[in-house]
Amino acid sequence: MLRTKIHIALSSIGLVLGVSAFICFCIVYANIEAGMWALLSGINAGLALMLHCHYLKESLHVNFSRKSLQYIGDIGIIGFVAGGALMIFYIFLEIYYQTDVTPIETSIIIRLVWSFMMTKWGIMLYWTTKKYLKTYNDHQLFSENPNIEET
């Protein structure tokens, strides 16, 4: 359970930083791309946080079916692939143009950092769903359900 609490803390930090970076980059600095990658990173961290909290409260099996966990894992894979492609693209742009971090409005490095964070949280979300899918036991799903009456 300590490991799950550590994952909850890290996912909370990822969620807060992603949403606050979205607000900061989109509103204050007008770097819309970096703000969007930060928001998508925060969404992936928030989904991982939700799964960890349900697992800690032992309500994961009640609230999520295997299929819904697989769909959440697919969201993580999409975030991983999109973030990885963006990261490669921004690395190419940074090597080609050799820009500075400032001005923040046009900084490629900040976009690169948040595309990396999107890649990281995407793979973490996928890994989390795969880890929790292993806790499902198909043989016990319907045999111990008190709401199903035997006829």
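Side chains included, hydrogens not; waters and symmetry mates left out as well; all remaining heavy atoms used.
Leu49 and Val62 end up in different hydrophobic clusters when Ile, Leu, Val, Met, Phe, Trp and Tyr side chains are linked at under 4.5 Å. Taking hydrophobic clusters as Ile, Leu, Val, Met, Phe, Trp and Tyr residues chained together by side-chain heavy-atom distances below 4.5 Å, Ile88 does not share a cluster with Tyr96. Met118 and Ile32 fall within the same hydrophobic cluster, where Ile, Leu, Val, Met, Phe, Trp and Tyr residues are linked whenever their side-chain heavy atoms come under 4.5 Å apart, directly or through other members. Residues Ile43 and Ile78 do not share a hydrophobic cluster, defined by chaining ILVMFWY side chains whose heavy atoms lie under 4.5 Å apart. At a threshold of 4.5 Å between side-chain heavy atoms, the hydrophobic network of Ile, Leu, Val, Met, Phe, Trp and Tyr places Ile6 and Tyr55 in two separate groups.
Lys67 contributes atom NZ, which lies 13.0 Å from atom CD1 of Ile72 (distance to the nearest 0.5 angstrom). Atoms CD1 and CG, on Ile104 and Asn31 in that order, are 8.5 Å from each other to the nearest 0.5 Å. To the nearest 0.5 Å, atoms OG (Ser115) and CZ (Phe89) are separated by 10.5 Å. With rounding to the nearest 0.5 angstrom, the CD1 atom of Ile123 is 11.0 Å from the NZ atom of Lys130. In this structure, NZ on Lys120 lies 12.5 Å from CG on Leu125, to the nearest 0.5 angstrom. For the atom pair CD1 (Ile108) and CG (Asp100), the distance works out to 11.0 Å, reported to the nearest 0.5 Å.
Side chain of Thr128 to main chain of Met124: a donor-acceptor pair is present (N/O by atom type, distance under 3.5 Å, no hydrogens or angles). In this structure, the side chain of Ser65 engages the main chain of Ser68 through a donor-acceptor pair within 3.5 Å. Checked by atom type and distance alone, the side chain of Thr4 never pairs as donor or acceptor with a backbone atom of Leu56 at under 3.5 Å. Checking side-chain atoms of His61 against main-chain N and O of Thr135 turns up a donor-acceptor pair under 3.5 Å. No donor-acceptor pair under 3.5 Å is formed between the side chain of Asn44 and the backbone N or O of Gly76.
Taking 4.5 Å as the limit, every side-chain heavy atom of Ile75 sits out of range of all side-chain heavy atoms of Tyr71. Between Leu60 and Leu51 there is a side-chain heavy-atom pair separated by less than 4.5 Å.
For OH of Tyr126, the number of neighbouring non-hydrogen atoms (other residues, nucleotides, ligands) closer than 6.0 Å is 12 at most. By the neighbour-count criterion of 12 heavy atoms within 6.0 Å, atom NZ of Lys131 is densely surrounded, having more than that number from other residues, nucleotides or ligands. Remark: Phe64 CZ is packed, more than 12 non-hydrogen atoms of other residues, nucleotides or ligands lying under 6.0 Å away. In Phe80, the CZ atom is not crowded: 12 or fewer heavy atoms of neighbouring residues, nucleotides or ligands sit closer than 6.0 Å.
Minimum heavy-atom separation, Tyr136 to Arg66: CB-NH1, 3.1 Å. Across Thr119 and Gly83, no two heavy atoms sit closer than the pair OG1-C, 2.8 Å. Arg111 and Trp37 make their closest contact through O-CD1, 4.0 Å (heavy atoms, listed as atom of the first residue, atom of the second, distance).
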Would you tabulate the side-chain donor-acceptor contacts of residues 8-27 under 3.5 Å, counting partners in other chains and residues two or more places apart, or write 'none'?
from	atom 1	to	atom 2	distance (Å)
Ser11	OG	His7	O	2.9
Ser12	OG	Ile8	O	2.8
Ser20	OG	Val16	O	2.8
Ser20	OG	Leu17	O	3.2

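With no hydrogens or angles considered, no side-chain donor-acceptor pair links Trp114 and Tyr90 at under 3.5 Å.
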Full working for side chain to side chain contact (heavy atoms under 4.5 Å, CB included) between Leu112 and Ile91
CA-CA 7 Å; Leu112 173 65; Ile91 288 172; 3.5 Å; yes
Residues Thr129, Gln70; criterion side-chain hydrogen bond (donor to acceptor under 3.5 Å, both in side chains); working and verdict:
CA-CA 7 Å; Thr129 57; Gln70 288 171 348; over 6 Å; no
